[in-house]
Asker: 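Handing you a structure now.
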Amino acid sequence: MTDVGVNEADTTVTKAKLDFENGIFVYDIEFTAYAVNEYDYTIKVADGSVIDKDCDIDESLTVASSVAETYIQQTDIAETSQAEQTETLTAAVTDEQIDTTVAETSITVTTADTSSKYIGVDKAKSIALDDVGLSASDVTFIKAKLERDDGVYEYEIEFIYGDLEYEFEINASTGKIISYDCENIYDD
């Protein structure tokens, strides 16, 4: 939690397990923060050093949170009188930067556009399906979520078509396929 920079009160531990990996004892710790980010840490038992860490973001909650925040900001401004908005604007800007019609200026709220930051889970699904020449109606999706792996946000897309399970990792910003795997689900 210290590594992430969150308070214990803002987290929920979902897994804390002693494990043995690659010849060393490790703790496998998973927790959520603010009900949006899911963290997965592998920590060396001997000295407490972080061996591996991963962060998954529930994009639907992030977007919902952003929409709620936008609504609150817009409501706050709507409840502020035109005179108060003008006074605030005038105080924040020097005389050279404003013209004499400040009192008639309308204020528009803009927020960060999360849709332009990442391609979106639907686009990631489409990229994966196009790569193998299938359509959404042909497959059953078993996983489609935004994750952080080695500091890079990517969509992990998994679906089944017949006896085959497809797994894709797609860069969340560029849409480039990072990795792809196809296995027969009935093979050992």
Asker: Would you say Tyr180 has more than 12 foreign heavy atoms packed within less than 6.0 Å of its OH?
Answerer: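 Yes, because the 6.0 Å sphere around OH of Tyr180 holds more than 12 heavy atoms from other groups.
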Asker: Between Lys125 and Phe159, is NZ or CZ placed under 6.0 angstrom from the six-membered ring centre and within 45° of the ring axis?
Answerer: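 Judged by the rule (NZ or CZ under 6.0 Å from the ring centre, within 45° of its axis), Lys125 is not positioned above Phe159.
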Asker: Report yes or no: does Asn171 contribute a side-chain atom to a donor-acceptor pair with the main-chain N or O of Thr174 at less than 3.5 Å?
Answerer: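 Yes: the side chain of Asn171 pairs with the backbone of Thr174.
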Asker: Quick one: does Ile160's side chain get under 4.5 Å of Val139's, heavy atoms only?
Answerer: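 When only atoms from C-beta onward are counted, Val139 and Ile160 do not touch, as no gap falls below 4.5 Å.
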Asker: Can you list everything that forms a salt bridge (Lys or Arg N to Asp or Glu O under 4.0 Å) with Lys143? Sequence neighbours excluded, please.
Answerer: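 Per chain and number, Lys143 pairs via salt bridge (Lys or Arg N to Asp or Glu O under 4.0 Å) with Glu147, Glu156.
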Asker: If you group Ile, Leu, Val, Met, Phe, Trp and Tyr by side-chain heavy-atom gaps below 4.5 Å, do Ile177 and Leu146 land in one group?
Answerer: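 Shared cluster, yes.
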Asker: Is the backbone of Gly120 close enough, under 3.5 Å, to the side chain of Tyr155 for a donor and an acceptor to pair up by distance?
Answerer: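 A pair under 3.5 Å: yes.
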Asker: Would you find a donor on one side and an acceptor on the other, under 3.5 Å apart, between the side chain of Asp138 and the backbone of Ser135?
Answerer: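 Yes; judged by distance alone, with no hydrogens or angles, the pair exists.
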Asker: Kindly write out the residues that satisfy side-chain contact (heavy atoms from CB on, under 4.5 Å) with Thr12, not counting sequence neighbours, or none if the list is empty.
Answerer: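 Residues passing side-chain contact (heavy atoms from CB on, under 4.5 Å) with Thr12: Thr32.
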Asker: Is the shortest side-chain heavy-atom distance between Leu129 and Phe141 below 4.5 Å?
Answerer: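 Counting from C-beta outward, Leu129 and Phe141 do come under 4.5 Å.
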Asker: Name each donor-acceptor pair under 3.5 Å that joins a side chain in residues 41-53 to protein atoms two or more places apart or in another chain, with its distance.
Answerer:
unit_1, atom_1, unit_2, atom_2, d
Tyr41, OH, Asp3, OD2, 2.3
Asp47, OD1, Ser49, N, 2.9
Asp47, OD1, Ser49, OG, 2.8
Lys53, NZ, Asp3, OD2, 3.0

Asker: Any link between Ile29 and Leu18 through a network of hydrophobic side chains (Ile, Leu, Val, Met, Phe, Trp, Tyr) touching at under 4.5 Å?
Answerer: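 In one cluster: yes.
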Asker: Between Tyr166 and Val132, is there a side-chain heavy-atom distance shorter than 4.5 Å?
Answerer: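 They are in side-chain contact.
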Asker: Can you confirm whether Met1 sits close enough to Phe31 that some side-chain heavy atom of one is under 4.5 Å from a side-chain heavy atom of the other?
Answerer: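 Side-chain contact under 4.5 Å: yes.
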